[in-house]
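Here the structure comes first, spelled out in structure tokens, and everything after it is commentary.
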Amino acid sequence: MTKNAAAEPTADGVARRPGAAIFALTMAGVAQAADVSLHNTAIASAASDLGMSPSERAFAASVATLAMAASILAIGNLGDRIGRRLVLLWACGALLVGGLVTAVAPSAEVYIGGRVLTGFGLAGTLCLSMALIRTVAPDRVGKALSLFFTGQVAFTIPLTILGGWLIGGSWRYGYLVVPVVGIIAFVLNKRFVPRSKAVHARSTDGVGLSLIAVALVGIIWGVSDASGGWTSARVLVPLLIGVAALVAFLWWETHHDEPALPVKLFKDPDLAGALTADVSFNMWQAVMVLQLSLLWQYVYSYDALQVTVGQLPATIAMVLGAFAAGRLATRGQSAQSMVLVGLAGVAIAMGVFALAGGSSPYWVFGLGLVVGGFSRMLTETAAGEFFVGKPPADLVGATVASKPAIGQASFALGLALSSSLLYGGFGNGLQDVYDEVGLTPVQQTQISGYVAGGEAPGWVADSPQADEIVQGATDAYVTAYQTTTGVFAVVFVLLFLVAAWFLAILPRRRARAGLAPDGSAGPTDSSASGAAGA
């Protein structure tokens, strides 16, 4: 346990029933994971029913994520200033109102408004439920986070199944699941979680909060449109605005007396390593979920149910990984070592995917899913200890809020980069097939439409080259997939090395030099650099 965690101030003291309090916080935190799955399933029917244009549908699909990005640091700061449980309860109310508005929406505009409210609610429940772990279990942060993440993954499965069944009747019913979760979370947190807020009421950093909101929205918006190329105005304009705002935010926070998020906190090697880990496992999740599902559908002809069932081992392994992190922490295993073991497993899992081809048996993919899912949650749970336990007590809400903000940007970046690599490689490989077969430009255009899922042109049925073209396209896709996952396996190895520098090498060098963990002159303090709540 860190010194900061031990000094956590609360109005009512620690939770009288910490087990019930952790369960209450888990119910609040599970709303975001359930909403992502349900929304992705329901959006197609909602867009059709409400007559959305393609641009409206694209905006409606991501508007809750953008609302989360724009508000999450502000909500974390607000929780620190006026009360984390109070703002969490407000966020539960936003889930209720936002979900109801979305479910009864008579038009696309109302639907989008409901999703914005839901995004605000998800931002609050996601960051403050995790921040309050430090209040309800200040001396057992690692074990509490293990239960928190284990419960989130486990509860998401039945909620997703229930929501999918409801959406089968009407997409409107599916949007009622998260409001019900919000009501349950409100009641449980009101009953079992004590009040908690900062002792020192910091002034509002409006400039910093505005800059980070613009930065996150711009970056996520830009990279989300980049799968088809990085040179269009739709990608470059928001991306450049976002990057410029991020640079301005970092400058402002280092020169402001009471910043919204003191970026100097990340000079702490544990927090820097946790940030690196957060980038890694969120990018892994993005590549695994999207590109593996597309490979199965395109090459193996899996239907939607088969894809869902095929990825189930990863979900089960994630539950086990979060649980294992808690058990290992209880037995004295350091969070630093668990983060590094998990990051190594993430890189290995992506390497397994890179070796799989168009005829690989399912067990090869299953192995990668199990290793990756277990490693991902082992890393996330252990890294979460640093976000919760390392910052000063007055800034725990804001610091924890930075974790999902980093995660959302990393997930979007993983999707965009992997799609760019895969489709760029597939296009080049497909062109090689066309050149080898000797198709005319008109025939190439017709076959490209066919490969993309359209109808085969009439001449293909009688052409002796038809099988060669289809097989060539399949081989080109598999090669592009293997190249993409191979590149990301290397990226994850590099991120592992960066994390190892912060979590293992740098602290040892500072200790040998007689420096404090933050690099300042003075005696070392092992409690400040150790795992929070071990």
Side-chain angles (χ1 to χ4, degrees), residues 30-46 61 149-171 173-175 177-178 181 281-324 345-346 348-378 380 411 414-415 418-419 422 453 474 477-478 481-482 484-485 488:
V30 79
Q32 191 269 339
D35 180 81
V36 169
S37 178
L38 296 175
H39 176 59
N40 288 340
T41 304
I43 179 64
S45 298
F149 284 119
T150 301
Q152 279 196 32
V153 179
F155 285 130
T156 299
I157 298 173
L159 288 174
T160 301
I161 295 173
L162 171 63
W165 177 73
L166 291 172
I167 292 169
S170 171
W171 62 268
Y173 298 151
Y175 284 109
V177 173
V178 171
V181 173
F281 63 68
N282 276 288
M283 291 183 70
W284 180 89
Q285 184 80 5
V287 178
M288 186 276 291
V289 169
L290 177 64
Q291 307 306 350
L292 181 58
S293 65
L294 291 177
L295 176 77
W296 280 346
Q297 293 175 73
Y298 182 77
V299 176
Y300 289 80
S301 299
Y302 282 15
D303 59 28
L305 178 60
Q306 288 174 313
V307 170
T308 301
V309 174
Q311 291 184 343
L312 189 59
T315 304
I316 297 173
M318 287 169 66
V319 175
L320 297 176
F323 179 77
V346 164
I348 291 171
M350 192 57 64
V352 171
F353 292 147
L355 295 175
S359 58
S360 299
Y362 172 78
W363 69 263
V364 176
F365 297 106
L367 176 64
L369 290 169
V370 169
V371 173
F374 183 91
S375 301
R376 181 207 183 285
M377 284 310 297
L378 181 71
E380 178 164 18
F411 189 90
L415 286 178
S418 62
S419 296
L422 190 144
T474 301
Y477 190 91
V478 171
Y481 170 82
Q482 291 176 316
T484 299
T485 49
F488 272 92

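In this chain, residues are counted from 1 in sequence order. Note that this is a predicted model, so its numbers are computed, not measured.
With rounding to the nearest 0.5 angstrom, the CZ atom of F281 is 4.0 Å from the CD atom of E380. Taken from OG1 in T156 to CD1 in I161, the straight-line distance is 11.0 Å, to the nearest 0.5 Å. Distance CG/L162 to OH/Y173: 13.5 Å, rounded to 0.5 Å. In this structure, L355 CG and L367 CG are separated by 10.5 Å, a value rounded to the nearest 0.5 Å. Here CG of L38 is found 7.5 Å from CG of L159. Values are rounded to the nearest 0.5 Å. Put simply, CE on M377 and OG1 on T315 are 11.0 Å apart, with the number rounded to the nearest 0.5 Å.
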For a side-chain contact (heavy atoms from CB on, under 4.5 Å) check, start with the C-alpha distance between L369 and V352, then their side-chain angles and the critical distance, and finish with the verdict.
CA-CA 9 Å; L369 290 169; V352 171; over 6 Å; no
For the pair F365 and Q311, evaluate side-chain contact (heavy atoms from CB on, under 4.5 Å) and give the outcome as yes or no after the intermediate values.
CA-CA 9 Å; F365 297 106; Q311 291 184 343; over 6 Å; no
I'd like to know whether F149 forms a side-chain contact (heavy atoms from CB on, under 4.5 Å) with V319, so could you lay out the CA-CA distance, the side-chain angles of the two residues, the decisive distance to 0.1 Å, and finally the verdict.
CA-CA 8 Å; F149 284 119; V319 175; over 6 Å; no
Test log, rule side-chain contact (heavy atoms from CB on, under 4.5 Å), inputs F353 and M288
CA-CA 9 Å; F353 292 147; M288 186 276 291; 3.8 Å; yes
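In this structure, S375 contributes its side chain and G372 its backbone to no donor-acceptor pair below 3.5 Å. For S37 (side chain) and A34 (main-chain N/O), no donor-acceptor pair under 3.5 Å exists by modelled atom type. At least one donor-acceptor pair closer than 3.5 Å links the side chain of N40 to the backbone N or O of V36.
The ring pair (Phe, Tyr, Trp, His ring centres under 6.0 Å) search around F323 returns none, not counting sequence neighbours.
Within the 4.5 Å cutoff, the side chain of P313 has heavy atoms near those of the Y362 side chain. Q291 is listed as a side-chain neighbour of S419, based on a closest heavy-atom distance under 4.5 Å. Annotation: side chain of Q32 is not in contact with side chain of V178 (no heavy-atom distance under 4.5 Å). In this structure, the side chains of Q285 and F411 come closer than 4.5 Å at one or more pairs of heavy atoms.
Sorted by first and then second residue, the side-chain hydrogen bond (donor to acceptor under 3.5 Å, both in side chains) pairs involving residues 160-171 (not counting sequence neighbours) are D49-W171.
Summarising the local packing, OH of Y300 is surrounded by more than 12 heavy atoms from other residues, nucleotides or ligands at distances under 6.0 Å.
When all heavy atoms of G368 and W284 are compared, the pair lying nearest together is O-CZ2, 4.3 Å. When all heavy atoms of A324 and F374 are compared, the closest pair comes out as CB-CZ, 3.7 Å. In terms of heavy-atom proximity, V30 sits nearest to Q152 at CG2-O, 3.3 Å. Minimum heavy-atom separation, V364 to A356: CG1-CB, 4.1 Å. Across all non-hydrogen atoms, the minimal contact from I43 to Y175 is N-OH, 4.0 Å. V370 and A317 get closest at one heavy-atom pair: O-CB, 3.4 Å.
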